[in-house]
Amino acid sequence: MYYGARGIVGLVKPTYRPGSMESFIRLMPDGVGFIPAHVGIRVGSEKEFQEAMAIAEKKVAKLAALGANVVVIMGAPPTMVHGHGSDTKAAKELEEKYGVQVLTATMAQEEAFHALGIKRLVGLTYFTEEFNPRFAKFFQDGGFEVAAMKGMDYPFKDAGKIPPDEIYAAAKRLFLESGGADGIYLLGAGWHNLPIIEMLERDLGTTVVSSIPAQVWATQKRLHIREPVKGYGRLLEEMP
């Protein structure tokens, strides 16, 4: 099957670092084509996050003109810093303006929470305590109970170097200290957490929502594709 036969996805990646885009493409079905674009976030600052959506709009316009069926704005923090509801409002405005489906990372994650029956969540991030309370409030304003939202002690630029076993240990510890939850939320696409999703679900008897699997699932829905993927947790295996 030729690339693009099942749909073309425009990917607006927040940073230039490798990892998340490759993982997204690898988890998507054969026959889907991809056109990449980048916002250019480098240090993960408030200023960069605040300005990111204006840059992303220019990328959406270009990707729509190039024939994308869906444009995925991959970074969660650039929409979260504007408050709950800003993501769906921005997506709707971009869809009306450029005639293409638009999906943000936060939209994909909230849709996944609802599909998996997650009402109480524990969040682990690689961001500082400057941002984590705001991330928690974003979901609280969406009607979810956030038992905890904590970050790991790594510089933003080194998120991709965090060992998966450290992510597993931190998520497990936070989950148990918080008294459990319907789900664990691993915020951010810059770290390599795919290998430990299934392990966390099995060991803790819970469900894990991570950025890339959530976006893969939500993108498949918008392309009217249903191709389950095993080994990366309930969301992609069950495709609810």
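Basis for what follows: all heavy atoms, side chains included, without hydrogens, waters or symmetry-related copies.
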Inset, instruction - Would you check if K13 and P36 make a side-chain contact, meaning some heavy-atom pair closer than 4.5 Å? - result: no
Legend entry - CA sep, side-chain torsions, deciding dist, call: E198, Y232, side chain to side chain donor-acceptor pair (under 3.5 Å): CA-CA 6 Å; E198 202 169 54; Y232 302 98; over 6 Å; no
Legend entry - Side-chain heavy atoms of P133 within contact of M149, under 4.5 Å: no
Legend entry - Donor-acceptor contact below 3.5 Å, side chain R120 vs main chain G183: no
Legend entry - From N132 atom CG to M80 atom CE, the distance as rounded to the nearest 0.5 Å: 9.0 Å
Inset, instruction - Give the intermediate values and the outcome of side chain to side chain donor-acceptor pair (under 3.5 Å) for residues T79 and T106. - result: CA-CA 7 Å; T79 54; T106 42; 3.0 Å; yes
Legend entry - Heavy atoms from other residues, nucleotides or ligands near CZ of R42 exceed 12 (cutoff 6.0 Å): no
Legend entry - Chi angles and distances behind the salt bridge (charged side-chain N to carboxylate O under 4.0 Å, His left out) call for E111, K221: CA-CA 11 Å; E111 288 175 17; K221 283 204 313 178; 3.6 Å; yes
Inset, instruction - Any side chain to side chain donor-acceptor pair (under 3.5 Å) involving residues 148-157? Give me the pairs, sequence neighbours left out, ordered by first then second residue. - result: Y154-E166
Legend entry - Geometric class of the Y16/H38 ring pair [parallel <30°, tilted 30-60°, perpendicular >60°]: parallel
Legend entry - D203 and Y168 side chains, donor-acceptor separation under 3.5 Å: yes
Inset, instruction - Could you tell me how the ring of F135 sits relative to the ring of F131: parallel (under 30°), tilted (30 to 60°) or perpendicular (over 60°)? - result: parallel
Legend entry - Cation over ring face, R17 and F156, 6.0 Å, 45°: yes
Inset, instruction - Step by step, work out the salt bridge (charged side-chain N to carboxylate O under 4.0 Å, His left out) result for K97 and E57. - result: CA-CA 10 Å; K97 191 170 183 179; E57 176 173 354; 2.9 Å; yes
Legend entry - Rounded distance (nearest 0.5 Å) linking atom NZ of K230 with atom CD of E238: 11.0 Å
Inset, instruction - Take H114 and F144, measure what ring pair (Phe, Tyr, Trp, His ring centres under 6.0 Å) needs, and give me the verdict at the end. - result: CA-CA 10 Å; H114 288 298; F144 300 96; 5.1 Å; yes
Inset, instruction - Just jot down the ring pair (Phe, Tyr, Trp, His ring centres under 6.0 Å) partners of W191, sequence neighbours excluded, or say none. - result: Y126
Legend entry - Identified side chain to side chain contact (heavy atoms under 4.5 Å, CB included) counterpart of H84 within the set E110, K137, Q140: E110
Inset, instruction - Identify the two heavy atoms, one from K119 and one from D182, that lie closest to each other, and give their separation to 0.1 Å. - result: N-OD2, 2.9 Å
